[in-house]
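In what follows, chains are A, B, ... by sequence order, proteins preceding strands, each numbered from 1. Keep in mind it's a predicted model, so treat the numbers as computed, not measured.
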Amino acid sequence: MTDVHVDLSGVYRAIDRVQSDIYTVSNQVGAVQTQAADIHSRLEAFYEEFREFVLRDMKSKEIQRADTRLIQVRQDLEKQFGHHDEARRHAVGILQAMDAGVVRGSTMLTSAEGLMTNCPRYWLAPALIALVAWIRDDRPLAEEALRQAMTRDDNKTALMFALICRRAGRFEAGGQWLDRYFQNQDPFKLDREVVLMLDAAVNGVFGGAALDVCLTMVDSWLGELEAQAGFIDNERARWVNTLAPMAPAVTDNPYPHLKTNSATWPAIEASLSAMRRNQVVKDFFGGLFKGELAPEPTLAALVDSRLDTLVSRYDDAELSLLQEERRLQLIVEEEGDLDRAGARLDVEADAYRASTDFATTLTMAAMFPKNVGVSLATQRYAITLSRDWITAGYSDLVAADRAALPQKIALATGSWSGETVDASNEADLTADLDKHYKERIEKALKAVRITIGTWVFVGLAVLVMLMVLGQNPVFGLLVALGIGGFVYYQHANVGRRRKSMRDALEAEARTAKDILRASLAEVVDLRRELSAEDAKAGEVLSLLNALEPASVLRRRPGAARNVMA
Amino acid sequence: MARTILGVGEKVATPLENRTIAPSRATISGPQLRQLLRRPRSAGYVTTLGKMDVAGHQVDKAAQETLVAAIAAEFPDLTIEQRPLGIVCKCFLGPPYVVHICDLDLNIVEHFEHTRSMPQPFERARSLALHPSYAFVEVYADSLRAIASDGSVSVIE
């Protein structure tokens, strides 16, 4: 019988090449996957950096815009209201000239009359004529000028002459002017210059009966306000809104692992900011009441400075420009962050309203004294008068902060996730992570095996071998050896791939465990910090509860008691 | 109107057969109601609610009645609907329980572990109930009122 030789070597070589190509492609796919993950991660990082850059750029542009606009607003203020300055300088100038006795009455009158034509509709012009006429003992002129001034602004005229009478030692007349001033007042709708009355009373400008009248009126206004249904609730809410923005932004990156690995981070950050507010509030109120105030100047100097403030700060026509000026200042202070600047302006908005209720006046004097033009003594007084509302509002705010404190903190690292309250379950979490990765490794290793396609190929090769074996045993044996070698090669390859996969996953598990441990350490530190900051709320309340209004009044030497704040 | 029975876990159903219901009065609402609920709680009320706890899962009937009387005395001017939905307190049973809810009608007392959430709106009160500054938390439909040991009230809208 003729021997049949079938040369299958080419087939085997082709199969080997295909197999080799498959492995190469498989490796390349794996490499591409790794690169894709790397690119994705870099893109995320790039996006984040780009986003931060855009934000920084926007803020920088806002600051530039605010700076430019601030100059324009100040120029507008000067242009539209600068002519009032001349009248304002005259107010104190006339009084000091009268003290010095070196300027003739006719000169002062001529000068004051000029202001009537230069400053139409301005109340101060006829008020100054009335003052000069009074100095010159020209009663008809004084009365007519006073009528004009009171028609233009009754409240400011009354307050101005109450101060001037006090300065001149005319107590009865001063008392009458104060009575007139108070007659016009409605505690639900007070003009802004009421803070000046308060400032004068607190700093000892008014003494004796006049001071008692002021304090009695203040008590009466407070009583009227508190009798209104819902008033106290509104005041508590107001102080919540006033104190809430004092929470500092968390910029020191104190817990980097939690920031990166916890979905609870936004709530943690908000709680951290809220709790750190307690120290800010404590420093604010504590700093205000620390130390003695500067020694009192003479009565004349006290009155002159209040007159200066009265005539220069409370023109309602300037309010919108003053508010715009403040808005732009806040944008610069908040480094271009429009949201934070807007939030601060919302809280200060009442300082730029033409009229407000007395409680609002006290809040503005307490929190934004420079905006409303009052001294530190008046700021202290306003705070002590508002004490009960402040403590109630602050207690509500602190309670809301405590309610929002996240109890459970989610953690995720690698492919594992879990949660903790105070890191006391570290052993359980670590064990869970180990179990997670163990299962993952087992599953991944099981997926790495000789494919069905390969087994089909081996099966076909065995069939061919069996066919050949019968006809050419030697050749058939060679084929069998080839098949055996091929299977061995496949098996070894699977072993290599499994080892590689195990190594990678075990490395990932180790990294995940390190991150978990670092995160739990941060949880411990976080809870400690939150507790310490939270405890300061009690210190703030103790500080506030110790305040008494009477202790911050400044009385003139020679009065019943000289109490320094 | 029947009160909703709370929770799905460990429950103690203690029907009260002789519960006293406050006589109806003129309805207070709006700012006056809020002002009334702001009023500091009496020392007796704080002591009674703050120390109320359960041994195991049994509730002492006499203690329940004392509690009902204390609550009725504290809120004589309010209708049932204006009173708290329930009280959340720190639980002194020990681990794994951390807080419990008392339905104001005391039909249900339910204990919760730190891993199990309370039904809304009670879950919001958890952090406050656990805080040492507060004896307990009154839960209303639209707000929480955290009561300190001195009776002072902090309102969380």
Please list, in residue-number order, every residue in residues 408-428 of chain A that has a heavy atom less than 4.5 Å from any heavy atom of chain B; write 'none' if there are none. A:Lys408, A:Val421
Pick one of side chain, backbone, both or neither for A:Asn234, based on which atoms fall under 4.5 Å of a heavy atom in chain B. neither
Please walk me through it: do A:Asp233 and B:Gln35 pass side chain to side chain contact (heavy atoms under 4.5 Å, CB included)? CA-CA 7 Å; A:Asp233 239 8; B:Gln35 198 154 327; over 6 Å; no
Between B:Arg34, B:Gln32, B:Arg145, the one whose heavy-atom pairs under 4.5 Å with chain A are most numerous: B:Arg34
Does a side-chain heavy-atom distance below 4.5 Å link B:Arg126 with A:Leu405? no
Working note: B:His131 + A:Val398, criterion side chain to side chain contact (heavy atoms under 4.5 Å, CB included); need CA distance, chi angles, decisive distance, verdict. CA-CA 12 Å; B:His131 199 283; A:Val398 166; over 6 Å; no
Using non-hydrogen atoms and a 4.5 Å limit, figure out which bit of B:Arg124 sits close to chain A: side chain, backbone, both or neither. backbone
Which residues in residues 150-157 of chain B have a heavy atom less than 4.5 Å from any heavy atom of chain A? B:Val153, B:Ser154, B:Val155, B:Ile156
So which heavy atom on B:Ser127 is nearest to which on A:Gln407, and how close? OG-NE2, 3.0 Å
